[in-house]
Visitor: 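Here it is, the structure, as structure tokens.
Naming convention: chains lettered A, B, ... in sequence-line order (proteins, then strands); numbering from 1 in each chain.
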Protein chains: 2
Amino acid sequence: MASVAKNTYHHGDLRQGLIDAAISLISEEGISDLSLRQVARRVGVSHNAPYRHFEDKEALLAAVAEQGFQALGVAMETARQGMSIDASQRLEAIGIAYVKFALAQPFHYRLMFGDYHDNLSKYSALAEAAQQSFMVLVSTIQEGQAAGIFRSANPVDIARVAWSLVHGQSMLALDNKLQIEQGEEFVAFLKFSSQMLLQGLAGHSAT
Amino acid sequence: MASVAKNTYHHGDLRQGLIDAAISLISEEGISDLSLRQVARRVGVSHNAPYRHFEDKEALLAAVAEQGFQALGVAMETARQGMSIDASQRLEAIGIAYVKFALAQPFHYRLMFGDYHDNLSKYSALAEAAQQSFMVLVSTIQEGQAAGIFRSANPVDIARVAWSLVHGQSMLALDNKLQIEQGEEFVAFLKFSSQMLLQGLAGHSAT
DNA sequence: ACCTGAACACCGTTCAAGT
DNA sequence: ACCTGAACACCGTTCAAGT
């Protein structure tokens, strides 16, 4: 008997359906008003069904954050490959793609760094997704070191600095604390930042 | 008639009492579980009294954030004056004091950058306190430019870069995303970061 | 296995009174 | 003016059942 779609929805993948509903609700109304019951309502399921797939509300949010890191990693990797082999250009392209991701999905980005995962050992999939996007930075820095255009410090430390810079820019921009209007002026600021970072990154023998 | 302290507490400054109670509750249990009713209970007042002083819960949190920025500004200014006149050393000292402030008061720091003030025009006192702490950075950078040791770009842009860096470091450290254990190793990382930033900041004619 | 409604202990906020 | 208790519409989570 051919399976016919039922209108109860949840014969499929309720877990992913809940995540999708949470993401779209968050992008519409932000995080602070998001309730588990609301997510269940949007999916067409009782307010209690989510507990079959998530231990509590925090676990659902952790899954949403995890998918955010996966998407961010893809955006960074795409930016990296869109550039020629020059590691400086690649690093700048990654940084700009990173901040643009944050600005395009402000609530989702903020959720990825929320304080709801104090015990991140509990959410290992989330930690792993974050680690994976971080590795895009590390490997690009190693490329630059191999090419002799970046100084020879610990590449993980350098990546931490770069990540801190783009994360700080993203968060402060989302908070309207940088006092720069979006558009050309903001992109100019991002390029100024990466130029400063790259100069700090240059090998000692640079001109 | 000499005024005798009553045990109703709130004959004094209920507004500040609520802020203090919120700060201590936050430092004990974090932000996510903080409720307005809990704050009122701690102060010994009905769950409704706070509405005499704050329009809603968000307004109380904004006041808490504002006092956080004032304390942060003091910490930065103290670090600046504790250093000799050299602008590079001052900038590094400010950066380290900044991150230490964040790590010492993790919940309070996070609250200062929460998304609860989308319309920050509504909380002008908060915006002003943030601006004031930012100016400590700007003026230190101007000092370095006047002394000829920093490049001559827009000092506000440079300050934005520096703020982004320390804010990113603070947030990622609070999130346990930097994978560095606190202590000497972390301070070494902070010094490495500021060294990189300072090299990027150096004037073109630097050796 | 997966989903359900009822129930519990909490919220933020509003309102009509009290002093 | 400032504070109060009662009330409303919501939560997150638990539990005992239903299929």
Visitor: Toss me the dot-bracket line for DNA chain C: Watson-Crick and G-U wobble, both under 3.5 Å, 5' to 3', using | for pairs to another strand and [ ] for crossers.
Guide: ||.|||||...|||||.||
Visitor: Expressed in angstrom and rounded to an integer, what is the separation of B/Lys57 atom NZ from C/dT13 atom P?
Guide: 8 Å
Visitor: Rounded to the Å, how far apart are B/Leu14 CG and D/dA1 P?
Guide: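 Distance, rounded to whole Å: 17 Å.
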Visitor: If the condition is ring-ring contact (aromatic ring centres under 6.0 Å, His included), which residues does A/Phe54 pass it with, not counting sequence neighbours?
Guide: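 Listed in chain order: nothing, the list is empty.
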Visitor: Whole Å only: how far is the CZ atom of B/Arg52 from the C1' atom of D/dG5?
Guide: 14 Å
Visitor: Which residues pass the side-chain hydrogen bond (donor to acceptor under 3.5 Å, both in side chains) test with B/Glu184, not counting sequence neighbours?
Guide: none
Visitor: Quick one: A/Tyr51 OH to C/dC3 C1', roughly how many Å, whole number?
Guide: 15 Å
Visitor: Can you work out whether B/Ser46 or A/Glu55 has the more 5'-proximal nearest nucleotide on DNA chain D?
Guide: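 The residue mapped nearer the 5' terminus is B/Ser46.
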Visitor: Is A/Phe113 close to B/Lys177 at the side-chain level, that is, under 4.5 Å between some pair of heavy atoms?
Guide: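 Touching, per the 4.5 Å side-chain cut-off.
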Visitor: Please name all residues satisfying salt bridge (charged side-chain N to carboxylate O under 4.0 Å, His left out) with A/Glu92, sequence neighbours left out, ordered by chain then number.
Guide: none
Visitor: Taking only residues two or more places apart in sequence or in another chain, which ones pass side-chain contact (heavy atoms from CB on, under 4.5 Å) with A/Asp56?
Guide: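 So A/Asp56 forms a side-chain contact (heavy atoms from CB on, under 4.5 Å) with A/Glu58, A/Ala59, A/Tyr123.
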Visitor: Starting from P on C/dT13, measure out to CG on B/Leu36 and report it in whole angstrom.
Guide: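 So the CG-P distance, B/Leu36 to C/dT13, works out to 7 Å.
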Visitor: Once you round it to whole Å, what is the distance between C1' of D/dT4 and NE2 of B/His53?
Guide: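 Interatomic distance, NE2 of B/His53 to C1' of D/dT4: 14 Å.
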Visitor: Would you be so kind as to tabulate the donor-acceptor pairs closer than 3.5 Å made by side chains of residues 44-51 of chain A, with sequence neighbours excluded?
Guide:
{"unit_1": "A/Ser46", "atom_1": "OG", "unit_2": "A/Asn48", "atom_2": "N", "d": "3.1"}
{"unit_1": "A/Ser46", "atom_1": "OG", "unit_2": "A/Ala49", "atom_2": "N", "d": "3.4"}

Visitor: For A/Ala49 and B/Asp33, take the nucleotide of DNA chain C holding the closest heavy atom to each; which residue's nucleotide lies nearer the 5' end?
Guide: A/Ala49
Visitor: Using a heavy-atom cut-off of 4.0 Å across all strands, would you classify B/Arg41 as base, sugar-phosphate, or nothing?
Guide: sugar-phosphate
Visitor: Figure out the CZ/P separation between B/Phe54 and C/dT13, and round it to whole Å.
Guide: 13 Å
Visitor: Starting at atom NE2 of B/His47, determine the distance to atom P of D/dA6, rounded to an integer number of angstrom.
Guide: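 That distance rounds to 10 Å.
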Visitor: Of the non-hydrogen atoms in A/Ile85 and A/Glu143, which two are nearest, and what is the gap between them?
Guide: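 For A/Ile85 and A/Glu143, the tightest heavy-atom pair comes out as O-OE1, 4.4 Å.
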Visitor: Counting only distance, no hydrogens or angles, is the base of C/dT13 paired donor-acceptor with the side chain of B/Arg37 under 3.5 Å?
Guide: yes
Visitor: Indicate, yes or no, whether a donor-acceptor pair under 3.5 Å links the base of D/dT14 to the side chain of A/Asn48.
Guide: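 It does, because a donor-acceptor pair links the side chain of A/Asn48 to the base of D/dT14 below 3.5 Å.
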